[in-house]
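Here is the structure we will look at, set down as structure tokens.
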Amino acid sequence: MVRRPLNRRQFLNGSGGFTLALPFLESLSTPLAIAQSMAPVKRFVSIIAPNGYHEPVYYPTVAADIKFAENIFYKQLANISGPMSECLGTTFDPLRAKMNILRGLDIAGAFGHTPVAALASARRVIGGDSSPIDPPGNCRSLDVVLGLSKTFYPTAPKFKALRAMEPGATLYSIDKDAAGNTIQIPYTLWPYDMFQQVFGGSTPSTPTGVQTLNSKKALIGDLVLNDYKSLLTNPRLSAADRNIASNFVDQLQELNKKIIGTPTPAPVTCSTPNIAKQSVGYYSELSESEKETLTKQFVDIMMAAFSCDLTRVGIISLGNDNHRHDTSHEDYNNRTNNLHFVDIMKKYQNNIVKEFATRMNSVVESNGKTMLDNSLLFWGMEQSAGNAHCAVSMPAITFGGLSGAIKTGYYMDYRQRPSKYYASRSDIFPAFGSETYNQLMNTFFKGFGLAANEYEQYGDGGGFGTFDTNSEMQYLNGEYDSLKAKRKNTLPFISQV
């Protein structure tokens, strides 16, 4: 067969068709296919403080423009002028759209210092100051349940969770031993020890998925260049047409640069943090800034472990040194005491939470969202009113939306209207809630994709956590009976699943 040379019209028609077909070529669709096939990883971070808080300065002050929907009052944080609250100040203003402040969620029957309340929604056995890890039934903390879930961890991780505890902290996670006894999960006290545990001083390898995505970070012109090089070697292609093809590739690369405009965000990278061994052996000898630096090193290690996919859970339990027991327990109706509490929050606790949330929000993942967008950071405390030792209106602030599973950017007030207070306990400030803290935990589980049977078994037999309507906290007249049916639900308004 006699080969006839390609004329210019034939080549241009062919190249035009080729260009239109580019989105369907394997070389161009591979990065998109990889990103779509790799569902965003959902991670859980929790920062828990001991003791309780002062209500008058903790929550936003909202005027009559607060809105009502789904049985709660709410307001967008973006619409709160000035600081969100005295305690929060302006620290978290850049994250308003990605955080929530929730108010009025109770753990029925919880009392005293309850170290497992924040993550297990559990009370202590009555009379239990001497038995701090004894909630009834099959209770386990949320981080432990995630570690047991095949949904959360489709393949076994190197570490189910990394848990750090400042010296003097009293909050922890719970599991069951082989005999069915409640046990406390060990936490790491010093960053260098966790560093050695996780990295052993060596540089970890980058996960395969991250390597694949990084290898595909190329301009459109680069992705099709090999195909055009093949075309350029076609013996039927004239010199003039070969020149047109070469110019086309150059123009395509230039166009792509203009479309991008700015450099693409750096992808997730797996690297080892630089953690030196502390030179002082006693935590009490450190200055306030040195203590904060040590705790931020835990953030460094956990962020590196997340990026290397060595774990998807990080817990930091703050100590009494930087969230003082005496200040928490002062009379919250005294303005001077309120300001003491605000000072502690702003000088230390806020900084640690901001560090973790900001770091997570700076990492762009395969779906184009940040690590924070795909994950959940939960900031809580072991009780509500410090001087009343109760768990009515537990503090709960979240960052991140679990890839759209949780609505973000709101102050949500779940207290009943009109507000109802304990008739016989004038020392307790919060009003009864219309929803339960158990439901907050359920909302988290659902957001992580867990089915009800994966978490409801870890409680007192009626759902996750505990629910006691007849404890020594004197819940009156069956006030919580009407809420008990809700304990297996997710929270209205915030939950999107």
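Quick caveat: nothing in here was measured; it's all calculated off a predicted structure.
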Problem set entry | Residue list, side chain to side chain contact (heavy atoms under 4.5 Å, CB included) with P157, at least two apart or on another chain | Y153, K160
For this session: Output, in order, the C-alpha distance, side-chain angles, deciding distance and verdict of side-chain contact (heavy atoms from CB on, under 4.5 Å) for K158 and T311.
Result: CA-CA 6 Å; K158 184 175 181 181; T311 189; over 6 Å; no
Problem set entry | I275 side chain near I301 side chain, heavy-atom distance below 4.5 Å | yes
Seminar exercise, completed: Sorted by chain and residue number, the side chain to side chain contact (heavy atoms under 4.5 Å, CB included) partners of E86 (sequence neighbours excluded) come out as V57, R335, L339, V342
For this session: Measure the CG-CZ distance between L372 and F356 for me, rounded to the nearest 0.5 Å.
Result: 10.5 Å
Problem set entry | Check: Y411 ring centre within less than 6.0 Å of F73 ring centre | no
Problem set entry | Audit row: M394, D106, side-chain contact (heavy atoms from CB on, under 4.5 Å) steps and yes/no | CA-CA 6 Å; M394 287 287 285; D106 306 350; over 6 Å; no
Exercise. Any side-chain heavy atom of N489 within less than 4.5 Å of one from N442?
Worked result: no
Problem set entry | Separation of D193 CG from T188 OG1 (nearest 0.5 Å) | 7.0 Å
Problem set entry | Check ion pair D309-R312 (N to O, under 4.0 angstrom) | yes
For this session: To the nearest 0.5 Å, tell me how far D343 CG sits from T327 OG1.
Result: 9.0 Å
Exercise. Mind checking what makes salt bridge (Lys or Arg N to Asp or Glu O under 4.0 Å) contact with R96, not counting sequence neighbours?
Worked result: D93
For this session: Show your reasoning for whether side-chain contact (heavy atoms from CB on, under 4.5 Å) applies to C270 and F306.
Result: CA-CA 8 Å; C270 176; F306 288 163; over 6 Å; no
Exercise. Do Y53 and F341 make the cut of ring centroids closer than 6.0 angstrom?
Worked result: no
Problem set entry | Side chain to side chain, E435 and P492, heavy atoms closer than 4.5 Å | yes
Exercise. Considering residues, nucleotides and ligands other than K407, do more than 12 of their heavy atoms fall under 6.0 Å from its NZ?
Worked result: yes
Exercise. Is it true that K291 and E166 have a side-chain N and a carboxylate O under 4.0 angstrom from each other?
Worked result: no
Exercise. Is it the case that T151 and E454 place a side-chain donor and acceptor less than 3.5 Å from each other?
Worked result: yes
Exercise. At what distance, to the nearest 0.5 angstrom, does CZ of F445 lie from CZ of F44?
Worked result: 8.5 Å
Exercise. What pairs of residues pass the salt bridge (Lys or Arg N to Asp or Glu O under 4.0 Å) test when at least one of them lies in residues 137-146, not counting sequence neighbours?
Worked result: R140-D175, D143-R163
For this session: State, with a plain yes or no, whether a side-chain heavy atom of F199 is found less than 4.5 Å away from one of P273.
Result: yes
Problem set entry | Residue pair L119 / L171, side-chain heavy-atom distance below 4.5 Å | no
Exercise. Does the pair E55/R103 count as a salt bridge with the N-to-O cut at 4.0 Å?
Worked result: yes
For this session: Count the heavy atoms of every other residue, nucleotide or ligand shown that sit under 6.0 Å from NZ of K369, and state whether that count exceeds 12.
Result: no
Exercise. CD1/I397 to OH/Y58 distance, rounded to the nearest 0.5 angstrom?
Worked result: 3.5 Å
Problem set entry | Residues F467, N438; criterion side-chain contact (heavy atoms from CB on, under 4.5 Å); working and verdict | CA-CA 8 Å; F467 196 102; N438 308 69; 4.0 Å; yes
Exercise. Regarding Q439 and T436, is there a side-chain donor-to-acceptor distance under 3.5 Å anywhere?
Worked result: yes
Exercise. Any side-chain heavy atom of C139 sitting closer than 4.5 Å to one from Y458?
Worked result: no
Which pairs would a plain distance check flag for residues 373-382, meaning a side-chain donor or acceptor within less than 3.5 Å of a matching protein atom at least two apart in sequence or in another chain?
| from | atom 1 | to | atom 2 | distance (Å) |
| --- | --- | --- | --- | --- |
| D373 | OD1 | K98 | NZ | 3.0 |
| D373 | OD2 | K98 | NZ | 3.4 |
| D373 | OD2 | T370 | N | 3.0 |
| D373 | OD2 | T370 | OG1 | 3.0 |
| N374 | OD1 | N367 | ND2 | 3.0 |
| N374 | OD1 | S403 | OG | 3.0 |
| N374 | ND2 | E365 | OE1 | 2.8 |
| N374 | ND2 | N367 | OD1 | 3.2 |
| N374 | ND2 | T370 | O | 3.4 |
| S375 | OG | R43 | N | 3.2 |
| S375 | OG | M371 | O | 2.8 |
| W379 | NE1 | Q349 | OE1 | 2.6 |
| E382 | OE1 | T114 | N | 3.1 |
| E382 | OE2 | N51 | N | 2.7 |
| E382 | OE2 | H113 | ND1 | 3.2 |

For this session: Return yes if a side-chain donor-acceptor contact under 3.5 Å exists between S495 and K446, otherwise no.
Result: no
Exercise. So among V299, I352, I315, T295, which one has a side-chain contact (heavy atoms from CB on, under 4.5 Å) with I47?
Worked result: I352
For this session: Indicate the atoms forming the closest heavy-atom contact of L286 with L294, along with that distance.
Result: CD1-CD1, 3.3 Å
For this session: Give the C-alpha distance, both sets of side-chain angles, the deciding distance and a yes or no for ring pair (Phe, Tyr, Trp, His ring centres under 6.0 Å) between F493 and Y414.
Result: CA-CA 10 Å; F493 192 80; Y414 288 94; 8.1 Å; no
Exercise. Can you check whether L95's main-chain N or O pairs, donor with acceptor, with N361's side chain at less than 3.5 Å?
Worked result: no
Exercise. Quick one: does I72's side chain get under 4.5 Å of D413's, heavy atoms only?
Worked result: no
Problem set entry | F448 ring center within less than 6.0 Å of F152 ring center | yes
For this session: Give a yes-or-no answer on whether the side chains of S173 and Y187 include a donor-acceptor pair shorter than 3.5 Å.
Result: yes
For this session: Given side chain to side chain donor-acceptor pair (under 3.5 Å), test K346 with T91 step by step and report yes or no.
Result: CA-CA 8 Å; K346 285 187 172 181; T91 301; over 6 Å; no
Problem set entry | Output field: ring centroids F399/F92 closer than 6.0 Å | yes
Problem set entry | Partners passing salt bridge (Lys or Arg N to Asp or Glu O under 4.0 Å) against D331 (at least two apart in sequence or in another chain) | none
Exercise. Within the side chain of Y437, is there an N or O that forms a donor-acceptor pair under 3.5 Å with the backbone of A118?
Worked result: yes
Seminar exercise, completed: Rounding to 0.5 Å, atoms CD1 (I48) and CD1 (I316) come to a distance of 10.5 Å
For this session: For the pair N337 (side chain) and N333 (backbone), establish whether a donor and an acceptor sit closer than 3.5 Å, ignoring hydrogens and angles.
Result: no
